Each structure stands twice: as C-alpha cells, then as structure tokens.
Number of protein chains: 4
Amino acid sequence: MLHLTISQGDGVPIYLQLVRQIKTLIATGRLKPDGELPPVRVLAQQLVLNPNTVVRAYRELEVAGLIYKKRGAGTYVSSEVTPYTDAECRRILAERADALVVEGLNLGYDEDKLVALLRERHKTLRRDAPDEEGA
Amino acid sequence: MLHLTISQGDGVPIYLQLVRQIKTLIATGRLKPDGELPPVRVLAQQLVLNPNTVVRAYRELEVAGLIYKKRGAGTYVSSEVTPYTDAECRRILAERADALVVEGLNLGYDEDKLVALLRERHKTLRRDAPDEEGA
Amino acid sequence: MLHLTISQGDGVPIYLQLVRQIKTLIATGRLKPDGELPPVRVLAQQLVLNPNTVVRAYRELEVAGLIYKKRGAGTYVSSEVTPYTDAECRRILAERADALVVEGLNLGYDEDKLVALLRERHKTLRRDAPDEEGA
Amino acid sequence: MLHLTISQGDGVPIYLQLVRQIKTLIATGRLKPDGELPPVRVLAQQLVLNPNTVVRAYRELEVAGLIYKKRGAGTYVSSEVTPYTDAECRRILAERADALVVEGLNLGYDEDKLVALLRERHKTLRRDAPDEEGA
DNA sequence: GTGGTCTAGACCACA
DNA sequence: GTGGTCTAGACCACG
C-alpha cells in the first residue's frame with residue numbers, strides 16, 4: 001500500500017505529482033528494486049483518479065528507466081540504475097543544479113551555503129530510507 | 001533594465017516565469033518599493049514576447065499585492081511587501097535541493113558527485129551572469 | 001442553460017459583466033454548489049464572444065474562490081460560497097437606488113415620478129424576462 | 001472647500017469619481033445653484049491629481065448641464081435644471097432604474113420592496129441636504 | 001472532450 | 001505616453 005497524496009486543485013498535473021512521489025520513494029529506497037507497484041486500476045481507485053492518469057505516470061517512469069512492466073504479471077521497480085548515458089544523466093542533473101543555483105543567488109546563498117544545504121538535504125532524505133542493503 | 005530570462009519550451013508558462021522572477025527580485029530588494037517596472041510594451045519587446053503575456057504576469061503580481069498600477073502612469077512595486085524571511089528562503093531552496101538529490105540518487109550520483117556538479121554549475125553560471133554595471 | 005446578458009458598448013468590460021452576473025447567480029442560489037458551469041467554448045458561442053473573454057471571467061471567479069476547475073473535466077461552483085446576507089443585498093441595492101435618486105434630482109424628477117418610472121420599468125422587464133421553463 | 005475623496009487604485013476612473021461626487025453634491029443641494037466651484041488647478045492640487053483629470057470631470061459636468069463656465073471668472077453650478085429633453089431624461093433614468101430592477105430581481109426584491117427602498121433612499125439623501133430654499 | 005497558453009494585432013480609456 | 005480589453009485563431013496539456 002503506497003502512501004501517495006495528490007492535490008486536485010494546485011496547478012501541478014496529477015500525473016506529475018505521481019511521478020515525483022514515486023521517484024522519491026524509489027530514490028530513498030522505500031520502494032525496493034524489483035519490488036512490485038500497485039496495478040493501475042487499484043492505484044486509480046485508491047486515489048480516486050482516472051486510470052489513464054496513472055497509466056501516464058507509470059509510462060513516464062518506465063521511459064525514465066525507473067520501473068518496468070512484466071506482461072501479464074505487473075509493474076516493478078528497476079534494479080538497474082538508469083538507461084541514460086552518462087552525458088544524459090549529467091544534462092538532467094545540471095538542469096536541476098542550475099535551478100538551485102539561480103534561486104540561491106537570488107536569495108543570497110553563496111556556493112558554500114548551497115553545498116552545505118545540499119549535503120544536509122542528502123542526509124535527511126537518505127536517513128528517511130528504511131535500509132541500505134541494496135547498495 | 002531588468003535581468004529576466006525566459007525559456008520558451010520548458011513547460012512552465014512564460015507568464016509564470018515572469019511572475020516568479022519578478023517576485024524574487026522584489027523579495028530580495030533588487031526591485032525597490034515604489035520603484036517603477038518597465039512598461040508592458042518595453043518588457044515585451046525586450047524579451048521578445050507578446051505584450052499580453054507581460055500584461056498577464058503584471059496582473060497576477062498586482063492581484064498578489066506585489067505591484068500596483070497608476071492609471072496612465074505606469075507600474076510600481078508595492079511598498080508594503082514583506083521580503084522573504086531566512087526561514088522562507090531556506091524552505092524554497094530546500095525544495096529545489098531535494099529535487100536535485102532525488103534525481104541524483106535515481107541516476108546513480110552520490111553526495112560528493114552532486115556537490116561537485118553543483119560547484120561546477122555555480123561557477124559556470126556566475127561567469128555567464130551579466131555584470132551589474134547598468135545599475 | 002444560463003441566462004446571461006451582455007451589452008457590448010456600455011463601457012463595462014464584458015468579462016466583468018460575466019463575473020458580476022455569475023456572482024449573483026451563485027449568491028442567489030440559482031447556481032448550486034458543485035453545479036457545473038457551461039464549458040468555456042459553449043458559453044462563448046452562446047453569447048457570441050471570444051472564448052478568451054469567458055476564460056478571463058472564469059479565472060477571476062476562480063481567484064475569488066467562487067468556482068473551481070477540475071482538470072480536463074469542467075468548471076464547477078464552489079461549495080463553500082457564502083451567499084449574500086440580507087444586509088449585503090440591501091447595501092448593494094441601496095447603492096443602485098442612490099444612483100437613480102441623484103440622477104433623478106439633477107434631472108428634475110421628484111420622488112413620485114421616480115417611483116412611477118421604477119414601477120413601469122419593473123413591469124417592462126418582467127414581461128421581457130425569459131420563462132424558467134428550461135430548468 | 002469641497003469635500004471630495006478619490007481612491008487611486010480601485011478601478012473606477014478618477015474623473016468619474018469626481019463627476020459622481022459633484023453630481024451628488026449638486027443633487028442634494030450642498031452645492032447651490034450659481035455657487036462657485038474651485039478652479040481646476042486648485043482642485044487638482046488639493047487632491048493631488050493631474051489637472052487634465054479635473055478638466056475632464058468639469059467638462060462632463062458641463063455637457064450634462066450641471067455646471068457652466070464664465071470665461072475669465074470661474075465655474076458655477078447651473079440654476080437651470082437640465083439641458084436635456086424630456087425624452088432624454090427619461091432614457092437616462094430608465095437605464096438606472098433598469099439596473100436597480102435587474103439587480104433587485106436577482107436578489108429577491110419584488111416591486112414593492114424596491115419602491116420602498118427607493119423612497120427611503122430619496123428621503124435619506126434629501127435629509128442630508130442643508131436647506132430647501134432653492135425649491 | 002476539458003481548460004491553458006500564446007501570438008498577432010486592433011481599439012479604447014486614462015493622465 | 002501608460003495600461004485595459006477584445007478578437008481571431010493556433011497549439012498544448014490533461015483526463
């Protein structure tokens with residue numbers, strides 16, 4: 001039973017809310033490699049969503065290499081890290097890093113303060129994870 | 001002359017990019033209370049946008065109480081705007097940092113690799129940043 | 001089928017006429033909580049307006065908390081709208097009455113002439129009013 | 001010294017605010033026939049307005065026949081009631097009456113309640129006037 | 001199907 | 001000069 005919360009009226013597309021939350025669950029190890037995700041219909045019913053919305057979220061996650069489908073069986077968390085090349089990974093992360101840096105500059109955070117913040121958030125997110133056995 | 005950057009194809013509506021950037025400029029004091037904003041047409045031309053897009057951004061900011069308009073005169077920064085507190089700055093940046101960490105974990109970047117990337121992007125962005133000579 | 005009337009050339013922006021009339025319909029209960037409003041395109045066609053004009057009216061009503069939108073589904077009346085109190089109704093109408101009295105005094109109409117005019121207009125408007133058979 | 005209040009940011013054009021308030025002052029007798037109005041520049045300075053705005057308000061009032069100018073002397077309240085024909089007066093007032101009736105219908109006021117309200121507002125506005133000598 | 005965004009460009013109201 | 005409104009019509013995102 002996944003703990004997912006969606007908010008209908010906040011502008012962020014529902015499928016994106018799903019994608020982000022599942023990404024976080026995977027990143028922090030709360031969803032284990034080869035663990036099973038709920039069937040589309042079950043999740044849709046549980047969250048009172050249009051099944052197509054869940055389908056779309058799962059598809060995005062599959063494209064990103066984070067989950068995979070076994071025909072007739074179900075949907076599972078990938079055990080491989082990522083299907084992206086090193087360069088692609090770098091580009092994706094550089095974009096997010098840039099967002100952080102720009103906002104930081106505007107709010108008066110210099111490089112060292114940003115790094116400190118990043119390290120702290122990293123530890124916090126990892127600490128929330130249940131175990132480290134998969135690493 | 002405002003330093004605003006808009007990216008055309010990234011999903012975030014242009015008017016929202018404007019709203020957020022101007023919000024930040026006001027919150028950080030780079031736009032002073034009762035300071036004048038560029039006329040709609042000027043900003044539109046400068047950013048190669050349709051004036052209506054700027055109009056919409058300005059209207060949202062006005063509704064939010066951040067700016068006000070004097071009929072026939074121009075657009076100005078409200079004087080009673082509460083700038084961000086330290087805690088608010090932190091919360092905003094922590095959100096962005098989390099996005100970076102989660103994505104990094106899923107793509108196989110550990111803490112040190114993320115920090116290295118962040119430092120590098122910081123330096124790159126600083127170098128590209130426009131000088132403040134115009135002020 | 002909503003009964004909305006817009007007048008093209010009277011100085012009041014069309015989107016504002018829409019906002020006011022829909023506000024009134026909601027405040028008086030003619031539009032029920034969680035009731036569905038006509039789709040933008042439908043209302044635009046019905047009133048011979050540009051869809052964007054309707055979009056703007058709906059957006060203002062949404063900002064005001066009177067209606068909400070479900071993505072991809074439609075537009076609905078908020079359920080927590082506080083209808084007008086008797087005092088509010090009275091205040092609104094007193095304002096309009098004052099406008100009539102002031103103009104009347106300046107144009108040489110005494111109280112009885114104004115009342116006669118009001119009664120006559122009332123009868124005329126009631127006769128022109130559409131029946132409520134569609135409900 | 002006229003008691004006029006203008007609000008810069010409420011959407012109603014400043015010149016219109018002036019027109020309405022002066023109309024009311026005349027209708028209720030607080031400005032007497034042949035009484036003098038402040039010179040444009042004085043009123044503009046007093047209210048911190050662009051003189052052109054005051055000029056426009058005075059022009060509208062002059063067109064409506066409520067004030068007249070003596071060249072080189074000043075601006076005065078008309079002693080004649082109105083330059084409009086009976087039909088014109090009727091049309092103007094019918095419009096205002098319609099606004100009242102329509103709003104009233106929407107708010108649940110029937111004909112008699114509207115008439116009662118109108119009579120009451122009439123008395124209230126006249127009572128606020130200083131004297132009845134001009135009648 | 002729904003609403004959301006954007007552009008292009010006209011015309012108006014205000015100070 | 002300023003901002004405000006409206007139209008026409010394209011294209012996108014969402015469910």
Side-chain angles (χ1 to χ4, degrees), chain A residues 6 8-9 11-18 44 47-57 60, chain B residues 6 8-18 36-44 47-60 62 67-76, chain C residues 6 8-18 36-44 47-60 62 67-76, chain D residues 6 8-9 11-18 44 47-57 60:
Chain A
I6 63 111
Q8 282 279 359
V12 181
I14 293 169
Y15 84 94
L16 241 191
Q17 298 183 37
L18 289 176
L47 299 174
V48 196
L49 296 179
N50 185 317
N52 285 331
T53 307
V54 180
V55 166
R56 174 155 185 194
E60 298 242 336
Chain B
I6 62 115
Q8 283 280 0
D10 73 345
V12 182
I14 296 173
Y15 82 93
L16 245 190
Q17 298 183 39
L18 288 176
E36 191 167 358
L37 279 90
V40 168
R41 291 162 174 83
V42 170
L43 190 53
L47 300 174
V48 196
L49 297 177
N50 185 295
N52 281 333
T53 306
V54 179
V55 163
R56 174 154 184 198
Y58 277 16
R59 180 159 39 228
E60 301 246 331
E62 190 187 15
I67 67 178
Y68 63 93
K69 302 193 177 99
K70 284 206 280 203
R71 303 184 69 106
T75 306
Y76 305 85
Chain C
I6 63 114
Q8 282 280 0
D10 74 345
V12 181
I14 294 172
Y15 81 92
L16 245 190
Q17 298 181 39
L18 288 176
E36 192 166 359
L37 279 87
V40 169
R41 291 163 175 79
V42 170
L43 190 52
L47 300 175
V48 196
L49 296 177
N50 186 296
N52 280 333
T53 306
V54 179
V55 163
R56 176 155 185 200
Y58 277 16
R59 179 155 44 227
E60 301 246 332
E62 190 185 15
I67 67 178
Y68 64 92
K69 302 193 177 96
K70 283 205 280 203
R71 305 185 67 108
T75 306
Y76 304 86
Chain D
I6 62 112
Q8 282 279 0
V12 181
I14 295 170
Y15 84 93
L16 240 190
Q17 299 183 39
L18 288 176
L47 299 174
V48 196
L49 297 178
N50 186 317
N52 284 332
T53 307
V54 180
V55 166
R56 174 153 186 197
E60 297 242 338

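Bear in mind the structure is a predicted one, so any value in this text is a computation, not a measurement. Convention: sequence-line order gives letters A, B, ...; per-chain numbering from 1.
- Look at CD on E60(B): it is 12 Å from C1' on dT5(E), rounded to the nearest Å.
- The CG-P distance, from L49(D) to dC14(E), rounds to 14 Å in whole Å.
- Atom CZ of R41(C) is separated from atom P of dG9(F) by 14 Å (rounded to the nearest Å).
- Rounded to an integer number of Å, the gap from I14(D) CD1 to dA13(E) C1' is 12 Å.
- Between L47(B) atom CG and dC6(E) atom C1' the separation is 14 Å, expressed in whole Å.
- Each of R71(B) and V48(C) has a nearest nucleotide on DNA chain F; the 5'-most of these lies closest to R71(B).
- Rounded to whole Å, the distance from CG on L18(B) to C1' on dC6(E) is 12 Å.
- N50(B) comes within 4.0 angstrom of a nucleotide base, judged by non-hydrogen atoms across all strands.
- The side chain of R56(C) lies closest to dT5(F), out of dT5(F), dA15(E), dG3(F).
- In this structure, E36(C) places its CD atom 8 Å from P of dG3(E), rounding to the nearest Å.
- What you find for Q8(C) and I14(C) is that their closest heavy atoms are OE1-CD1, 3.3 Å.
- Here dC14(E) sits opposite dG1(F) as a Watson-Crick or G-U wobble pair (both hydrogen-bonding atom distances under 3.5 Å).
- Using a 4.0 Å heavy-atom cutoff across all strands shown, R59(B) reaches sugar-phosphate atoms only and no base atom.
- Across all non-hydrogen atoms, the minimal contact from I6(B) to Q17(B) is CA-OE1, 3.3 Å.
- In this structure, CD1 of I6(C) is placed 11 Å from C1' of dC6(F), rounded to the nearest angstrom.
- When each of Q8(C) and G11(B) is assigned the nucleotide of DNA chain F bearing its nearest heavy atom, the one mapping closer to the 5' terminus is Q8(C).
- Between T53(B) and dT5(E) there is no side-chain N or O to OP1 or OP2 distance below 4.0 Å.
- For E60(B) (side chain) and L16(B) (main-chain N/O), no donor-acceptor pair under 3.5 Å exists by modelled atom type.
- Taking the side chain as every heavy atom from C-beta outward, R56(B) and R59(C) approach each other to under 4.5 Å.
- Between P38(C) and K70(B), the residue anchored closer to the 5' end of DNA chain E is P38(C), taking for each the nucleotide with the nearest heavy atom.
- Comparing dC6(E), dT2(E), dG15(F) by their nearest atom to the side chain of N52(C) picks out dC6(E).
- Here the nucleotide nearest the side chain of Y15(B), chosen from dT2(E), dG3(F), dC6(E), is dC6(E).
- In this structure, T53(C) and L47(C) have side chains that are not in contact, with every pair of non-hydrogen atoms separated by 4.5 Å or more.
- At the phosphate of dG4(F), OP1 or OP2 sits under 4.0 Å from a side-chain N or O atom of K69(B).
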